[in-house]
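Every value quoted in this text rests on a predicted model; they were computed, and no experiment measured them.
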Amino acid sequence: MQHRLIITSDGTHTVYVPELNENYHSVHGAMQESIHIFINAGLRSLDQNEISVFEAGFGTGLNALLTASYAEENMLKINYVTIEKFPLNDETISQLNYGSKLGDQALALFNAIHSSPWNIEVQVTGNFSLKKIMADLVTWKPEGSFDLIFFDAFGPDKQPEMWSGEVIRKIADVTRPGGVFVTYSSKGEVKRNLRASGFNVKLLTGPPGKRHIIRAIKN
């Protein structure tokens with residue numbers, strides 16, 4: 001897919017995809033959005049020393065970077081598995097400014113995350129392991145067991161197949177009881193599919209530009 005970089009309101013990049021008329025992150029602040037949804041509403045809600053994360057939509061690697069930084073700052077063991085059908089090219093990745101915005105350590109983490117080979121588990125730091133899977137979530141069968149789900153696919157109106165009841169059930173099957181599912185979408189269809197798959201759904205206040213987000217707990 002064709003794409004171009006856009007600077008968002010907090011000074012960090014998002015990627016715009018003309019084919020879908022969709023951005024990877026909010027134009028109101030890419031990093032601000034990811035911290036609000038995936039770190040504050042997701043990762044910080046878990047009181048564990050070791051956490052397994054599954055992310056639908058690796059995209060720019062921003063969520064992985066923020067999670068790796070959190071693991072280092074808090075001395076948490078985090079095992080991170082992420083899936084992406086259309087990885088960004090090296091030229092685009094090299095222009096993303098997330099690492100430089102967060103400092104030298106984050107920049108080193110960002111480069112390590114993106115230089116990690118696909119489809120192989122890599123111990124990026126002593127606290128953060130990463131497996132990037134190049135595949136289509138619609139047809140791929142997830143394996144393992146996860147405490148936390150980052151659902152960051154393109155929106156239900158752009159890629160409805162990614163938010164179908166079948167896909168949500170696949171995610172539910174690898175989510176541990178008490179596990180947390182967070183996403184920026186609060187559409188009724190998403191809530192219904194989560195409830196049908198055994199999640200207790202709650203709406204939380206969203207980041208700037210977004211009224212609500214979803215945090216759901218697996219029964």
Side-chain angles (χ1 to χ4, degrees), residues 1-8 10-39 41-43 53-70 78 80-102 106-107 109-119 122 124 128 130-138 140 142 146 148-163 167 171 181-185 190 207 209-210 213-214:
M1 289 188 289
Q2 298 297 313
H3 53 260
R4 66 173 183 265
L5 295 184
I6 294 174
I7 292 288
T8 67
D10 67 2
T12 57
H13 282 122
T14 188
V15 177
Y16 174 68
V17 182
E19 181 183 337
L20 298 175
N21 189 28
E22 183 83 317
N23 294 295
Y24 278 55
H25 307 287
S26 171
V27 296
H28 300 281
M31 188 174 294
Q32 178 177 247
E33 176 192 45
S34 286
I35 291 172
H36 183 103
I37 299 169
F38 300 107
I39 303 303
L43 194 51
V53 180
F54 177 77
E55 177 188 41
F58 175 68
T60 62
L62 176 55
N63 295 333
L65 170 62
L66 293 171
T67 303
S69 295
Y70 187 91
I78 296 183
Y80 199 98
V81 177
T82 180
I83 188 169
E84 177 61 55
K85 185 178 180 182
F86 299 112
L88 293 171
N89 59 46
D90 290 342
E91 181 181 358
T92 300
I93 292 165
S94 70
Q95 297 175 58
L96 293 168
N97 65 2
Y98 308 134
S100 60
K101 289 285 184 181
L102 292 172
L107 181 57
L109 277 174
F110 182 77
N111 291 333
I113 285 166
H114 279 287
S115 63
S116 296
W118 289 85
N119 304 310
V122 176
V124 178
F128 183 79
L130 172 69
K131 186 175 184 180
K132 301 185 299 187
I133 298 167
M134 193 185 304
D136 185 348
L137 181 60
V138 174
W140 179 74
F146 298 93
L148 179 58
I149 308 297
F150 291 169
F151 208 86
D152 202 17
F154 286 125
D157 54 335
K158 306 294 182 178
Q159 289 189 322
E161 68 278 7
M162 293 288 287
W163 304 79
V167 167
I171 298 298
F181 177 111
V182 282
T183 186
Y184 63 88
S185 179
V190 177
K210 188 77 181 159
I213 62 170
I214 287 175

Less than 4.5 Å apart, any side-chain heavy atom of [X] and any of [Y]?
X      : Y      : result
Asp152 : Val182 : no
Pro207 : Ile37  : yes
Met162 : Phe154 : no
Leu137 : Phe151 : yes
Ile6   : Tyr24  : no
Ile39  : Ser34  : no
Ile133 : Thr82  : no
Leu62  : Met31  : yes

Please report the closest heavy-atom contact between [X] and [Y], naming both atoms and the distance.
X      : Y      : answer
Ile213 : Ala41  : CD1-CB, 4.0 Å
Ser116 : Ala112 : OG-O, 2.7 Å
Pro156 : Ser185 : CG-OG, 3.7 Å
Asp136 : Ile83  : C-CD1, 4.2 Å
His3   : Thr92  : NE2-OG1, 2.9 Å
His13  : Ala30  : O-CB, 3.2 Å

May I ask you to decide if [Y]'s main-chain N or O and [X]'s side chain share a donor-acceptor pair within less than 3.5 Å?
X      : Y      : value
Glu84  : Gly59  : yes
Tyr70  : Leu65  : no
Glu55  : Ile149 : no
Lys131 : Asn119 : no

Side chains of [X] and [Y]: donor-acceptor distance under 3.5 Å anywhere?
X     : Y      : result
Asn97 : Ser100 : no
Gln32 : Asp10  : no
Asn21 : Tyr16  : yes

Using 30° and 60° as the class limits, which term best fits the ring planes of Tyr80 and Phe128: parallel, tilted or perpendicular?
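Rings of Tyr80 and Phe128: tilted, 30 to 60°.
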Distance from [X] atom [atom1] to [Y] atom [atom2], nearest 0.5 Å?
X      : Y     : atom1 : atom2 : answer
Leu102 : Leu66 : CG    : CG    : 6.5 Å
Asn23  : Thr8  : CG    : OG1   : 9.5 Å
Lys210 : His36 : NZ    : NE2   : 11.0 Å

Is the distance between the ring centroids of Phe150 and Phe54 less than 6.0 Å?
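That pair fails the under 6.0 Å test.
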Aromatic contact, His114 with Phe58 (centres under 6.0 Å)
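They qualify: ring centres under 6.0 Å apart.
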Using the side-chain hydrogen bond (donor to acceptor under 3.5 Å, both in side chains) rule, pick out the option among Thr14, Thr60, Asn63, Thr12 that qualifies with His25.
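Exactly one candidate clears the test, Thr60.
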Step by step, would you call Phe110 with Leu96 a side chain to side chain contact (heavy atoms under 4.5 Å, CB included)?
CA-CA 10 Å; Phe110 182 77; Leu96 293 168; 3.9 Å; yes
